[in-house]
Amino acid sequence: MKSPLKRAIWVVAYGLVLIAPVLIMVLAPRPAARQFWRDAAVAIGYVGFALMGVQLIPTGRLPFLTDLFALDAIYKVHHRLSRIAFFMVLAHPVLLIVQNPYNLVALNLLSAPWKLRAGPIALISLVLLIATSVWRQWLRLKYEVWRVLHNVFTAGVIGASMYHIHTVGYFTALPLQRALWIAYGVVWAGITLYVRAAKPLMLLRKPYRVSEVIAERGNTWSLVLEPDGHPGHDFRSGQVAWLSTGRTPFTFAENPFSYASSEHHPGRISFAIRELGDWTGKVGALEKGARVFVDGPYGTFDMEDHPGEGYVFIAGGIGAAPVMSMLRTLDDCGDRQPLTFFYGNPTWESITFREELEAMKERLNLKLVHVLERPPEGWEGETGYITKDVLGRHVPFDLPNSVYFICGPLPMIRGVTRALHALKVPRAHCHAEQYEMA
Ligand SMILES: Cc1cc2nc3c(=O)[nH]c(=O)nc-3n(C[C@H](O)[C@H](O)[C@H](O)COP(=O)(O)OP(=O)(O)OC[C@H]3O[C@@H](n4cnc5c(N)ncnc54)[C@H](O)[C@@H]3O)c2cc1C
């Protein structure tokens, strides 16, 4: 089956999961005394909750999804749907109170019966879940702390909502309705077990050992890993893995990094890691032989998924990591396709892999366009940021079937994508990987 068809099937299945509670509600015989607005309030709450629950699917890094959809797209959909779900779940009590102000009693956390109290508890967990995600940086929450809170609040939302739905029992009387909610519960529990228990156990059986830690330009380390007691795993250059160190992979301290080595050497993989914070700041101190767990590969940001007649790579800073993987892979094959690499950096000295790239120019059909924010004296190349003007001067307009890979921080990706569209590069030819997830 072709990927577009598989994707369409997934989107339809996802939609069905969302509206299934309402479908069953509508199809089932409606008791005579029921009021329309009360039913509408319940329906909106059901869909909002189902929408919230299915967020475990995109964020669980389930291989059948990450093989089909770009990581960027998956997380974008996750962020958007979570906000929609929040407003739908919020609309549920608001509508109920507007329809009958007596329903306010359910909001009293001290005196309301537990079956009602569970509703506001779920809502409060949801508010905390969204607020800590949207304002994480403003709240100065460390990423690992945020991830623990995200999991705790998610469990709060799902647990309290399930209890509320089952004990209130509105539209859960029919066997089909009960079966649906039980199925949801099983799927959620299954995904949680997979993510928190089964996957770490699999990683535990296939550890990697540090083979080398090489200091690179630009405050970056090449972390070279070799499989320990197993043949390693295949990946496609451009894909991503989540790395963790220590005795076991049962940890929240796992960080995403693009493979930087050639896909032709799964027995010796490397990652280019820039020192930016707690975890990345410790990479340089990793000793030879230290244990690393590699959860990957993920994503579709790769040449196999997006074949072209030549490639244009556009990277800011450490966004060059997946580009290096692609170039090293092409270099290994003696490839002669036309390649252009726009590489933005603050200074000439901070260009990670500068010498290796220069050497590659001799072997590959590669045009290298360095763009420097603070160029050295006498610099005749491009300066500033990778803007429309810079792109317009070097993009291979004579190769309309070139594929564009853009990687780096979000503002850079937005700017470059807009510039490419303004230059009439078709959207379908542009693929981005942003280095920020929440
Ligand atoms: C798909 C993807 C691929 C990436 N590939 C590379 C790469 O090849 N090389 C590289 O140097 N960097 C890469 N990054 C960025 C890298 O994951 C973060 O720099 C790193 O996780 C920071 O961790 P820290 O604990 O050192 O920093 P912290 O001080 O904890 O955080 C610094 C910032 O990094 C981000 N961050 C922290 N932890 C995570 C996490 N677990 N997941 C996502 N973002 C996080 C947060 O926005 C945070 O504000 C990638 C990010 C993504 C999303």
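Start at 1 and go down the list; that is how both ligands and their atoms are numbered. Worth saying up front: this structure is predicted, and the values here are computed from it rather than measured.
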Specify whether Tyr75 and His78 have parallel, tilted or perpendicular ring planes, treating 30° as the upper limit for parallel and 60° as the lower limit for perpendicular. perpendicular

Please confirm whether Arg136 approaches ligand 1 to less than 4.0 Å, judged on its heavy atoms. yes

Phe257/Trp221 aromatic ring centres below 6.0 Å: no

Is it the case that Ser222 and Glu216 place a side-chain donor and acceptor less than 3.5 Å from each other? yes

Who are the side chain to side chain contact (heavy atoms under 4.5 Å, CB included) partners of Asp234, not counting sequence neighbours? Pro266

Taking N or O atoms only and a 3.5 Å limit, does Trp242 qualify as a polar contact for ligand 1? no

Report the part of Arg147 (side chain from C-beta onward, or backbone N, CA, C, O) that has a heavy atom under 4.0 Å from ligand 1; answer both or neither where that applies. neither

With ring pair (Phe, Tyr, Trp, His ring centres under 6.0 Å) as the test, would you mind laying out the steps for Trp181 and Tyr46 before giving the verdict? CA-CA 10 Å; Trp181 287 110; Tyr46 276 170; 5.1 Å; yes

Can you tell me if Glu254 contacts ligand 1 (heavy atom of the residue under 4.0 Å from the ligand)? yes

For His431 and Asp305, does a side-chain donor sit closer than 3.5 Å to a side-chain acceptor? no

What about the rings of Tyr208 and His233, do their centers lie closer together than 6.0 Å? yes

For residues Leu129 and His150, determine if any side-chain heavy atom of one lies less than 4.5 Å from a side-chain heavy atom of the other. yes

With nothing but distance in play, are any N or O atoms of Ile273 less than 3.5 Å from an N or O of ligand 1? no

Do any nitrogen or oxygen atoms of Asn255 come within less than 3.5 Å of a nitrogen or oxygen of ligand 1? yes

The atoms of ligand 1 lying under 4.0 Å from a heavy atom of Leu276, numbered in the order shown, are 19 (O)

If you take the centroid of each ring, where Trp contributes its six-membered ring, are Trp114 and Tyr163 closer together than 6.0 Å? no

Any N or O of Trp279 closer than 3.5 Å to N or O of ligand 1: yes

I'd like the name of whichever of Pro322, Gly218, Ala320, Ser258 reaches closest to atom 8 (O) of ligand 1 through any heavy atom. Ser258

If we number the atoms of ligand 1 from 1 as shown, the ones under 4.0 Å from a heavy atom of Ala321 are 8 (O)

Going through the checks in order, is the salt bridge (Lys or Arg N to Asp or Glu O under 4.0 Å) test met by Glu144 and Arg147? CA-CA 5 Å; Glu144 289 76 18; Arg147 282 196 73 190; over 6 Å; no

May I ask you to list the atoms of ligand 1 that are less than 4.0 angstrom from any heavy atom of Gln137? 47 (O), 49 (O)

Test of understanding: given a 4.0 Å heavy-atom threshold, classify the contact between Arg140 and ligand 1 as side chain, backbone, both, or neither. neither

Can you check whether Tyr435 has an N/O within less than 3.5 Å of an N/O in ligand 1? yes

Heavy-atom contact under 4.0 Å between Glu275 and ligand 1? no

Proximity winner for atom 52 (C) of ligand 1, if only heavy atoms of Gly319, Ser244, Pro256 are counted: Pro256

Logged contact type for Ile318 with ligand 1, heavy-atom cut-off 4.0 Å, is side chain

